S.K.: 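Here it is, the structure in full.
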Number of protein chains: 2
Amino acid sequence: MSDRTKASRAYADLVRRIQTMRPHEMLPREVDLADELGISRTTLRQVLTTLTAGGSIYSVRGTGTFVSEAKIDKGGALSGFSEDMRARGMTPGSRLLHAGPELADGPVAEHLGLRAGAVVYRIERLRLANEIPMCIEEVRLPAEYFVDLLTHDVSAGLYDLLKSVYSVEVAVARQTITSSVATAAEAELLGIAAGEPVMNVQRTSQDARGRSIEWARSRYRGDRYEFTLTATRNGLV
Amino acid sequence: MSDRTKASRAYADLVRRIQTMRPHEMLPREVDLADELGISRTTLRQVLTTLTAGGSIYSVRGTGTFVSEAKIDKGGALSGFSEDMRARGMTPGSRLLHAGPELADGPVAEHLGLRAGAVVYRIERLRLANEIPMCIEEVRLPAEYFVDLLTHDVSAGLYDLLKSVYSVEVAVARQTITSSVATAAEAELLGIAAGEPVMNVQRTSQDARGRSIEWARSRYRGDRYEFTLTATRNGLV
DNA sequence: AAGTGGTCTAGACCACCCT
DNA sequence: GGGTGGTCTAGACCACTTT
């Protein structure tokens with residue numbers, strides 16, 4: 001959404017323009033469109049590529065570029081709990097269950113790419129949506145990247161904190177989702193009955209340099225949460 | 001993987017080159033690299049953008065371009081069951097439970113963007129991995145796009161069929177995952193006990209033109225299946 | 001000041017679809 | 001043959017980091 005470059009400004013212009021058009025309506029030819037937007041065709045094509053990847057438009061070789069039909073709205077799979085809940089129109093909340101340093105044992109060290117015995121921070125929170133318990137979240141972060149992390153407020157909006165204080169942003173995340181039934185302890189925290197379904201989400205995050213910066217395990221109550229994701233076919237490869 | 005364009009050939013070359021390098025090792029400067037690969041810097045940058053999006057490399061402004069550290073291998077969220085299972089090293093199988101035309105009722109018509117009462121094909125299959133039941137899959141496809149679909153063998157590899165016979169490919173898919181416990185009927189088909197956890201995956205797929213081409217509901221057994229996905233931060237926006 | 005990636009351009013040529 | 005998107009180029013200039 002940054003309007004620092006011509007391309008991103010043209011992108012915003014074009015998105016607005018597409019919204020006023022009907023599905024399968026044809027866009028002006030690229031040379032003309034570039035002219036209207038005040039950019040070169042090369043820059044325009046960069047913008048069009050992004051829009052195509054996002055499913056807003058499609059082009060047919062030798063024929064033209066068209067507005068796509070239904071818009072599958074993309075859920076931000078890279079967002080954290082707070083952002084995710086706000087996108088769903090709910091108010092996120094948090095109750096801190098634990099926050100402290102510990103030594104990484106085998107599995108944790110492996111997931112984070114650290115040597116066994118390295119220091120990690122473990123933060124465990126009960127996450128709420130509109131005051132209702134939604135999931136139990138357990139996050140581990142390498143202490144070497146986030147010095148004095150616990151002197152800050154980690155009860156909510158952890159990603160904002162990592163970005164603003166440590167200038168670290170998630171670039172790639174891998175999530176594994178499994179289904180199970182709640183144990184007695186989990187059930188009590190989540191306010192459900194033992195034996196009810198829960199979704200387990202394990203997540204490993206890396207920054208742009210490819211360093212693992214987070215390993216998280218969440219247990220969502222299955223009766224109230226649904227996990228949404230959008231996949232797009234890649235270009236070039 | 002197509003080597004028809006200079007860019008895709010350079011991409012393949014560069015991937016091979018990166019594999020011989022160590023994490024955080026610096027690549028040659030762009031002008032030189034473009035020269036070595038026999039392409040212009042503009043074309044090279046297109047390739048580098050793809051590699052960056054894929055998490056293979058990262059670049060630091062004013063400094064250089066580097067090989068990323070750990071490689072999170074991307075699971076193809078756009079693949080079908082057969083492809084998915086083969087990627088996990090298992091042999092996919094299928095038992096056809098039902099295949100026939102029907103009239104789209106409200107919810108189905110809505111998901112597929114059809115008028116109520118349009119004809120859709122419903123295909124229900126029990127999907128196996130190494131002969132073991134893995135999920136129950138119910139797919140609905142608009143008959144207007146896939147004329148005489150049922151004269152073909154739909155028991156396995158449906159996506160391959162859609163591509164080879166109808167030249168239709170999935171470009172964007174949206175999936176919603178929820179957790180529940182198996183009903184008696186589901187449990188029997190899946191070979192588990194009623195009350196055990198299952199994962200429900202609902203999926204809407206669109207082709208490049210934005211037409212909804214598939215609506216599917218799957219129920220995976222929670223004890224044997226895990227859902228993996230990789231998310232990457234987008235450029236431009 | 002020198003070196004690097006980031007943005008943008010004008011224009012050439014190719015591949016394909018239509019009438 | 002005329003129109004459209006797809007690929008590729010050489011080069012300019014900017015922004016940032018390092019010495």
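As the structure is a prediction and not an experimental result, all values here were calculated from the model. Naming convention: chains lettered A, B, ... in sequence-line order (proteins, then strands); numbering from 1 in each chain.
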S.K.: What is the distance from CG of B:L44 to P of D:dA10, rounded to the nearest Å?
M.R.: 13 Å
S.K.: Quickly work out the A:Q46 CD to C:dT9 P distance and round it to whole Å.
M.R.: 10 Å
S.K.: Mind calculating the distance between OH (B:Y58) and P (C:dT4) to the nearest angstrom?
M.R.: 16 Å
S.K.: Only pairs under 3.5 Å count here: list side-chain donor-acceptor contacts from residues 98-106 of chain B, not counting sequence neighbours, and write none if there are none.
M.R.:
from	atom 1	to	atom 2	distance (Å)
B:E102	OE1	B:R122	NE	3.1
B:E102	OE2	B:R140	NE	2.9
B:E102	OE2	B:R140	NH2	3.3
B:D105	OD1	B:V108	N	3.4

S.K.: Please list, in numerical order, the residues of residues 27-40 of chain A that have a heavy atom closer than 4.0 Å to any atom of DNA chain C.
M.R.: A:G38, A:I39, A:S40
S.K.: According to side-chain hydrogen bond (donor to acceptor under 3.5 Å, both in side chains), who are the partners of A:S82, at least two apart in sequence or on a separate chain?
M.R.: A:R127
S.K.: For a quick test of reading the model: is some side-chain N or O of B:T43 closer than 4.0 Å to OP1 or OP2 of D:dT7?
M.R.: no
S.K.: Quick one: what's the B/S/- string for nucleotides 11-19 of chain D, heavy-atom cutoff under 4.0 Å, read 5' to 3'?
M.R.: BB--BBS--
S.K.: Under the criterion side chain to side chain contact (heavy atoms under 4.5 Å, CB included), which of B:T49, B:L27, B:T65 is the partner of B:S59?
M.R.: B:T65
S.K.: Could you work out, with side chain to side chain contact (heavy atoms under 4.5 Å, CB included) as the rule, every residue matching A:R115, not counting sequence neighbours?
M.R.: A:A118
S.K.: When the distance from CZ of B:R45 to P of D:dT7 is rounded to whole Å, what number comes out?
M.R.: 18 Å
S.K.: Rounding to a whole Å, what distance do you find between A:M26:CE and C:dC17:C1'?
M.R.: 12 Å
S.K.: According to ring pair (Phe, Tyr, Trp, His ring centres under 6.0 Å), who are the partners of B:Y166, at least two apart in sequence or on a separate chain?
M.R.: B:F146
